[in-house]
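Reading through the structure tokens given below for one structure.
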There are 2 protein chains.
Amino acid sequence: MKSETRQEEIIRVAAKLFKKKGYSAVTMRDLAKEMGMKAASLYNHINSKQELLNSIILSIAEQFTEEMSNIKNSNSPTAQKLTDIVELHIKLASENTYGMASLNNDWMHLGDQLQHYLTLRNGYEDDFRDIIKKGIENKEIVNENPEIILFSMLTTLRSLYLWIPKKENLDINSLSKSLSQILIQGIDA
Amino acid sequence: MKSETRQEEIIRVAAKLFKKKGYSAVTMRDLAKEMGMKAASLYNHINSKQELLNSIILSIAEQFTEEMSNIKNSNSPTAQKLTDIVELHIKLASENTYGMASLNNDWMHLGDQLQHYLTLRNGYEDDFRDIIKKGIENKEIVNENPEIILFSMLTTLRSLYLWIPKKENLDINSLSKSLSQILIQGIDA
DNA sequence: TTGCTAGACTAACAAGTGTTAGTTAAAGAT
DNA sequence: ATCTTTAACTAACACTTGTTAGTCTAGCAA
């Protein structure tokens with residue numbers, strides 16, 4: 001595996017700080033200190049603070065969009081599609097807990113990429129909603145308000161980045177199984 | 001009903017801006033502009049930006065703590081306690097969608113009140129966890145990992161502030177019923 | 001009328017902001 | 001050995017930050 005470039009390292013450390021304090025509260029001097037250099041030196045590797053946020057958020061958003069399209073176009077039953085979505089969120093959240101924080105909390109500070117991000121996010125939510133609606137039509141899932149189902153699942157999945165790092169020796173497969181179970185079957189005995 | 005003081009108005013408007021951009025990205029000049037005055041004039045009514053955040057977050061946190069204690073000490077069955085918690089979140093989130101955003105996203109910028117806030121939050125989560133665990137012991141709810149159940153419910157409830165304002169003519173009772181239903185019974189047909 | 005108060009204002013400060021320019025030292029290429 | 005590139009540095013910039021000090025004016029109490 002190709003080792004991390006200095007630029008990639010800066011992006012990774014930036015995402016870590018953004019998770020802790022939020023984009024606006026992190027200064028380039030904070031970031032430089034964490035990197036063991038002076039703020040001005042960062043600019044040998046990156047172009048701006050703004051660009052750091054852009055690349056952190058959009059690289060993840062694009063992964064979500066691409067994988068969601070695969071799930072949507074498969075011909076699995078609805079419950080399987082929902083389980084796949086759970087697995088997708090767990091995978092991306094555990095690969096990049098820092099970046100997920102920016103995606104969730106600092107997207108409004110995207111500059112020229114804000115519209116692009118919103119387009120991706122809306123597309124993702126539309127696909128998710130369609131899967132739920134089709135599942136209701138086919139009587140594969142219960143006939144509750146699809147907006148509430150979407151909201152409930154999506155917010156749980158979006159918060160995984162907060163929860164995953166607290167669990168040491170996380171088994172992705174078993175978490176994925178348990179969480180799908182709870183989200184789909186409920187918790188009633 | 002007693003009409004809003006100027007100080008209360010500033011706190012309310014501040015919370016609105018904090019929701020939109022986050023605490024750190026909102027300047028006192030932004031807040032002043034929204035209030036139709038100059039930044040310095042704000043200080044005739046408030047002591048500091050920090051104190052705005054403190055009072056926004058802690059007033060809500062204290063309400064949660066108090067109401068959770070009532071629910072915990074009632075002798076309702078587990079499913080009813082969980083429904084009560086859902087209702088509590090819906091009530092507080094719809095009364096104060098702005099403040100809930102700060103509570104969720106900007107608590108780390110609390111100054112001298114940070115420890116107090118964390119104590120309240122941990123107490124709240126402990127109570128919630130206890131209710132779930134007792135429900136599992138009494139076989140009132142399914143025997144899944146209580147941490148995952150807690151996480152799943154709590155993150156959904158914590159995100160209500162994002163979702164509630166999007167629904168015009170919101171009926172709190174019917175939302176409360178639907179959401180409890182989905183969280184407890186699941187969505188399987 | 002006179003005096004007091006509430007609540008706005010202007011001006012300013014010291015500290016911190018992202019970023020640029022120019023310099024320097026070490027490592028790699030010729 | 002000389003040249004070039006990389007990646008650090010110092011110094012500085014123009015601007016923004018939260019906040020304070022001091023002033024002014026309209027409304028009310030005496």
Side-chain angles (χ1 to χ4, degrees), chain A residues 2-58 98 102 105-114, chain B residues 2-58 98-99 101-102 105-114:
Chain A
K2 188 158 39 107
S3 78
E4 194 181 43
T5 69
R6 203 83 163 121
Q7 178 180 115
E8 287 163 345
E9 190 186 355
I10 291 174
I11 294 175
R12 179 173 52 80
V13 171
K16 184 173 127 193
L17 295 183
F18 292 167
K19 181 186 177 195
K20 195 170 165 189
K21 309 206 294 175
Y23 173 73
S24 302
V26 173
T27 71
M28 296 306 276
R29 287 166 179 82
D30 291 337
L31 176 52
K33 183 169 257 179
E34 193 80 6
M35 287 293 300
M37 59 173 75
K38 291 299 163 75
S41 308
L42 294 169
Y43 290 83
N44 286 316
H45 307 278
I46 59 148
N47 290 317
S48 68
K49 187 189 180 189
Q50 180 72 72
E51 210 175 88
L52 284 174
L53 186 69
N54 290 355
S55 63
I56 289 169
I57 292 182
L58 284 161
Y98 300 140
S102 296
N105 304 323
D106 283 318
W107 56 268
M108 72 286 279
H109 299 118
L110 286 168
D112 49 10
Q113 302 279 22
L114 177 57
Chain B
K2 186 158 39 106
S3 78
E4 194 181 42
T5 69
R6 204 85 164 117
Q7 177 179 116
E8 287 163 345
E9 190 186 355
I10 291 174
I11 294 175
R12 179 173 51 80
V13 172
K16 183 173 130 196
L17 295 183
F18 293 167
K19 182 187 177 195
K20 195 169 165 190
K21 309 205 294 174
Y23 174 73
S24 303
V26 174
T27 72
M28 297 305 277
R29 286 166 179 84
D30 290 338
L31 176 54
K33 183 169 255 177
E34 192 80 8
M35 287 293 300
M37 58 172 76
K38 292 299 163 78
S41 307
L42 294 168
Y43 290 83
N44 286 317
H45 308 278
I46 60 147
N47 290 317
S48 67
K49 185 189 181 190
Q50 180 71 73
E51 208 175 272
L52 285 174
L53 186 69
N54 290 355
S55 63
I56 289 168
I57 292 182
L58 284 161
Y98 301 140
S102 297
N105 304 323
D106 283 317
W107 57 267
M108 73 286 279
H109 300 118
L110 286 168
D112 49 11
Q113 301 279 23
L114 177 56

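Side-chain atoms are counted along with the backbone in the values below, which use heavy atoms only and exclude waters and symmetry mates. Just so you know, these numbers come straight off a predicted model, no measurement behind them. Every chain is numbered from 1 and lettered A, B, ... according to where its sequence line falls, protein lines coming before strand lines.
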Residue-phosphate contact under 4.0 Å: B:R6 side-chain N/O, C:dA8 OP1/OP2: yes
Nearest to side-chain heavy atoms of A:Y43, which nucleotide of C:dT19, D:dT19, C:dA8: C:dT19
Backbone N/O of B:T27 and side chain of B:D30: donor-acceptor pair under 3.5 Å: yes
Separation of D:dA8 C1' from A:L42 CG (nearest whole Å): 11 Å
Non-hydrogen atoms of B:S102 and B:I57 that approach each other most closely: O-CD1, 3.6 Å
d(CE, A:M28; P, C:dA15) in whole Å: 23 Å
Residue-phosphate contact under 4.0 Å: B:S41 side-chain N/O, C:dC9 OP1/OP2: yes
Rounded distance (Å) that lies between atom P of C:dG18 and atom CG of A:L31: 10 Å
Derivation and outcome, side chain to side chain contact (heavy atoms under 4.5 Å, CB included), residues B:H45 and B:E9: CA-CA 10 Å; B:H45 308 278; B:E9 190 186 355; over 6 Å; no
A:H45 side chain near D:dA8 phosphate (N/O to OP1/OP2, under 4.0 Å): yes
Side chains of B:K20 and B:Y98 in contact at under 4.5 Å (non-hydrogen atoms): no
Phosphate contact (C:dT10 OP1 or OP2) by B:K38 side-chain N/O below 4.0 Å: yes
Test side chain to side chain contact (heavy atoms under 4.5 Å, CB included) applied to B:Q50 and B:Y23, step by step: CA-CA 9 Å; B:Q50 180 71 73; B:Y23 174 73; 4.1 Å; yes
Residue closer to the 5' end of DNA chain D, B:S48 versus A:A40 (nearest nucleotide): A:A40
Whole-Å distance separating the CD1 atom of B:I46 from the P atom of C:dA6: 18 Å
Separation of atom NZ in B:K33 from atom P in C:dC9, rounded to whole Å: 13 Å
Atom-to-atom span, CE of B:M35 to P of C:dC9 - whole angstrom: 11 Å
Separation of C:dG18 C1' from A:H109 NE2 (nearest whole Å): 15 Å
Side-chain donor/acceptor contact of A:N44 with base of D:dA8 under 3.5 Å: yes
5' priority, DNA chain C, between A:D30 and B:A39 [closest heavy atom]: B:A39
Touch class at under 4.0 angstrom, heavy-atom based, for A:R29 against every strand present: base
Euclidean distance, atom CD of residue B:E8 to atom P of C:dG7 [Å, nearest integer]: 13 Å
Touch class at under 4.0 angstrom, heavy-atom based, for B:T27 against every strand present: sugar-phosphate
